[in-house]
Chemist: 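Please find one structure pasted underneath; my questions will follow.
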Amino acid sequence: MARGGDRQSSLIPAAPARIPAAETPGRGFALPLIVAAVIVAGLYFGREILIPIAIAVLLSFVLWPLVSLLRRLRLGRTASIGLAVVTCIGIAALLAGVIGMQLADLGTGLPRYQRTIERKLDNLKEGPVGAVAGYVRSIGRHLQQAGSMPEEKGKPQDPVAPRPEPQVQNPDKPVLVEVRERGASPVELAERLATPVLGPLATTGIVFVVLMFILAQREDLRDRLIRLAGSSDLHRTTAAMDDAARRLSRFFLVQLALNASFGVAIGLGLWIIGVPSPILWGIFSALMRFVPYIGAFLSALLPLVLAAAVDPGWNMVLATAALFLVLEPIVGHVIEPLLYGHSTGLSPFAVLVSALFWTWLWGPVGLLLSTPLTVCLVVLGRHVDQLEFLDVLFGDRPALTPVENFYQRLLADDPDEAQELAETILSECSLSSYYDDVVLKGLQLAASDARRGVLSEEQLDRIRTAIDQLVADLADREDAKPASQPGLAERLLARRDADAPPCEAGPAVPDAPDPETLPAPWRQKGAVLCVAGRGPLDEAASTMLSQILEKNGIGTRVVPFGAVSRSRIADLDAGEARMVCISYLEISGTPAHLRYLVQRVRRRLPQARILVGLWPADDAVLADPEARTSLGADDYVVSLREGVEACLKAALAEEATASPPRREAVAGMPRPGAIPAGAPA
């Protein structure tokens with residue numbers, strides 16, 4: 001998932017200053033451009049061979065589940081592949097026969113349809129449309145005459161000018177010549193009839209031959225593809241490729257079933273309306289739904305024209321238009337989002353560019369194959385590290401990780417987009433996990449940049465303001481598991497190591513007690529003091545911890561670092577504080593300042609329990625037991641969720657002896673200050 005934590009170390013010594021050698025502009029791009037040009041040229045000039053192979057590859061994804069099912073039924077591999085391919089050939093032949101009969105039936109009525117269209121056009125000319133067109137033409141004639149009249153009036157007439165002599169027709173009578181073609185021989189007639197059929201038949205034969213070899217040599221082809229990718233971990237990449245093939249098979253099957261159902265619904269609707277050849281238009285509509293954006297328009301255009309040619313009136317046209325206007329939004333905006341999760345895994349820009357690219361290369365066939373082929377490329381990019389650039393170029397996932405995107409929005413001073421990003425992530429994650437896994441890690445990047453002097457004070461002020469606004473906007477959101485679930489495309493097309501959302505879906509403490517059952521002193525304002533460290537963004541972490549504690553029923557108050565400094569800690573209004581939570585995004589160098597801060601707080605509040613939150617889990621203090629002991633705190637946590645758990649544990653511990661059920665609840669919770677299993681001991 002995220003690689004937001006991979007940052008260059010500031011301990012790398014700077015190289016001595018030197019003048020860089022001059023480089024030829026664009027030298028680094030020359031080789032990739034040449035390779036891309038060679039690939040595009042190969043795709044264009046080899047389209048006669050590559051198109052059948054591409055169709056066979058896509059069909060193999062659709063047929064492989066059937067082959068697997070037949071093999072589970074105790075059929076041999078060869079028999080399963082043969083039966084699946086024969087079934088596919090039978091379906092294709094049946095569809096071709098039906099399309100042929102529908103076209104033949106449609107051709108017999110073309111003269112009648114032509115006369116109907118001509119009558120409708122004549123009626124339009126005689127009606128209001130014709131009147132408007134005539135009015136426009138008359139205005140054009142008047143404008144033309146107005147432009148030519150001054151020239152004619154100003155031109156003097158020459159009385160002695162010779163008049164043109166009348167033309168005399170040629171007295172010679174023309175000779176009529178009749179040219180007759182020689183009758184075609186039987187061989188020429190057969191060749192003329194067979195030529196339009198041989199091309200598609202040959203392509204179909206190549207498709208099914210290649211399909212059989214792909215299904216028979218599936219594992220071998222997979223291993224060769226992995227070898228070409230140059231993977232250093234063959235076992236892991238093999239499992240990833242198998243997983244990608246299964247996901248693609250299921251995805252294409254669902255897409256084929258959905259488009260076929262749409263075609264059946266369109267065919268039935270056109271049959272009820274009375275449009276000729278409804279089966280033909282149902283098949284055409286099912287195929288056009290593989291074409292992004294313009295497919296629905298193209299599938300409705302021809303039936304509308306035919307309805308206008310069949311019906312002398314306009315009722316059939318209106319009914320046909322209503323059929324497409326009702327079914328297409330239902331399928332595209334209701335059913336598909338339920339199945340695909342609002343996305344097919346491709347960015348809209350990638351869908352458009354791929355449609356234009358494959359149409360330019362392979363014509364109408366490329367338009368039909370553009371989306372499936374691009375989906376295959378994106379899935380390869382998500383499962384093979386060497387092809388990750390394909391996912392970056394064509395996938396719908398953000399180019400930056402959620403942590404990087406969050407920090408980038410803060411740097412760009414765009415709090416509205418940061419809020420929109422938060423709403424998107426919170427549809428899959430709880431509030432506390434979003435703070436832990438996205439916001440705190442983004443603030444750690446900012447704190448690291450501030451320590452290195454990269455961020456100015458003005459930028460830090462903007463970041464602090466944006467964080468305060470974000471936390472305030474999320475104040476009404478409960479720390480609970482979201483109700484939304486990922487769609488089919490998100491489950492099928494996601495990379496195996498990125499299936500999980502960027503953070504957890506559960507709340508901070510899933511079995512947290514009812515806030516009303518907490519001891520009254522812990523529910524009062526200021527029961528827990530959330531003290532900020534001396535870092536520029538530590539107060540933001542304390543604010544988030546305070547908000548999560550409040551949502552669990554614990555009263556809190558945020559205390560800035562200046563209020564616990566040496567000169568002002570004596571004036572600190574601690575009230576009836578039961579616990580003090582000190583937040584540090586990072587500890588640079590020795591932790592002496594943290595130790596002195598804990599000592600000051602201990603002297604000021606001897607009865608309070610002190611918790612130190614070191615949000616970077618890999619901090620050196622956590623890995624050194626002696627360093628933790630020298631700090632003198634009671635609990636150490638590495639996340640907001642653990643901080644909430646420790647505070648609830650301490651709150652319940654006060655009444656553990658008075659309530660046996662409460663004692664059982666306390667016993668079931670982890671010990672405060674325990675280092676999580678994934679953190680250094």
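Counting begins at 1 with the first residue of the sequence.
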Chemist: If you measure from the Lys or Arg side-chain nitrogens to the Asp or Glu carboxylate oxygens, is any gap between Arg568 and Asp571 under 4.0 Å?
Modeler: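 No, no charged N to carboxylate O under 4.0 Å.
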Chemist: When you look at CD of Glu423, are more than 12 heavy atoms from neighbouring residues, nucleotides or ligands closer to it than 6.0 Å?
Modeler: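 Check passes, neighbour count above 12.
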Chemist: Hey, would you say the Phe561 and His593 ring centroids sit under 6.0 Å apart?
Modeler: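 No - the distance between ring centres of Phe561 and His593 does not fall below the 6.0 Å cut-off.
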Chemist: Does the side chain of Leu431 reach to within under 4.5 Å of the side chain of Ile548, using non-hydrogen atoms?
Modeler: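 In contact.
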Chemist: If we only count heavy atoms from C-beta on, is the Leu529 to Met579 side-chain gap below 4.5 Å?
Modeler: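 Contact flag for Leu529/Met579 side chains = no.
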Chemist: Are Thr371 and Val375 close enough that some pair of their side-chain heavy atoms sits under 4.5 Å apart?
Modeler: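 Touching, per the 4.5 Å side-chain cut-off.
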Chemist: Atom CD in Gln524, atom CZ in Arg557: separation rounded to 0.5 Å?
Modeler: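 Here the rounded value is 12.5 Å.
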Chemist: Where the side chain of Ser448 meets the backbone of Leu445, is there a donor-acceptor pair that is under 3.5 Å apart?
Modeler: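 Between the backbone of Leu445 and the side chain of Ser448 there is no qualifying donor-acceptor contact (under 3.5 Å).
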Chemist: Output yes when a side-chain donor or acceptor of Asp468 lies under 3.5 Å from a complementary backbone atom of Thr465, and no otherwise.
Modeler: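 Absent.
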Chemist: If you define the side chain from C-beta out and look only at heavy atoms, does anything of Asp635 sit under 4.5 Å from Glu642?
Modeler: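 Not touching, per the 4.5 Å side-chain cut-off.
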Chemist: Donor-acceptor check, side chain of Thr556 to backbone of Glu550, threshold 3.5 angstrom: yes or no?
Modeler: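 No: the side chain of Thr556 does not pair with the backbone of Glu550.
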Chemist: Main chain of Ser370, side chain of Thr374: is a donor-acceptor contact present, judged purely on distance under 3.5 Å?
Modeler: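 Side chain of Thr374 to backbone of Ser370, a donor-acceptor pair under 3.5 Å: yes, one is there.
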Chemist: Counting C-beta onward and ignoring hydrogens, is there a side-chain heavy-atom pair between Leu455 and Leu411 closer than 4.5 Å?
Modeler: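 With C-beta onward as the side chain, the pair touches.
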Chemist: Is Asp634 reaching over with its side chain to a backbone N or O of Ile610, donor-acceptor style, under 3.5 angstrom?
Modeler: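 Flag set: sc Asp634 to bb Ile610 pair under 3.5 Å.
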Chemist: Using a 4.5 Å cut-off on heavy atoms from C-beta on, say whether the side chain of Glu516 contacts that of Arg523.
Modeler: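 Touching, per the 4.5 Å side-chain cut-off.
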Chemist: With the side chain counted from C-beta on, respond yes when Tyr636 and Leu611 share a heavy-atom pair under 4.5 Å apart, and no when they do not.
Modeler: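 When only atoms from C-beta onward are counted, Leu611 and Tyr636 do not touch, as no gap falls below 4.5 Å.
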Chemist: When you measure from the side chain of Arg604 to the backbone of Leu572, do you find a donor-acceptor pair of N or O atoms at a distance under 3.5 Å?
Modeler: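 Checked: pair present.
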Chemist: Under 6.0 Å from the CD atom of Gln599, do we count more than 12 heavy atoms belonging to anything else shown?
Modeler: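 Atom CD in Gln599 is crowded, with more than 12 foreign heavy atoms closer than 6.0 Å.
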Chemist: Please check: side-chain N/O of Arg600 versus main-chain N/O of Arg595, any donor-acceptor pairing under 3.5 Å?
Modeler: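 Looks like no, no N/O pair under 3.5 Å.
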Chemist: Do Leu537 and Arg464 have side-chain heavy atoms sitting under 4.5 Å apart?
Modeler: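 They are in contact (side-chain heavy atoms under 4.5 Å apart), so the answer is yes.
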Chemist: Is a side-chain donor or acceptor of Gln607 paired with a backbone partner of Arg578 at a separation under 3.5 angstrom?
Modeler: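 Pair absent, no side-chain N/O of Gln607 close to backbone of Arg578.
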Chemist: Is there a donor-acceptor contact under 3.5 Å linking the side chains of Ser546 and Thr543?
Modeler: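 No - no donor-acceptor pair under 3.5 Å links their side chains.
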Chemist: Does the Lys NZ or Arg CZ of Arg289 fall within the cation-pi geometry relative to Phe262 - under 6.0 Å from the ring centre and within 45° of the axis?
Modeler: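 The answer is yes; both the distance and angle limits are met.
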Chemist: Determine yes or no for a side-chain-to-main-chain donor-acceptor pair under 3.5 angstrom, with Thr517 supplying the side chain and Pro513 the backbone.
Modeler: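 Side chain of Thr517 to backbone of Pro513: no pair is present.
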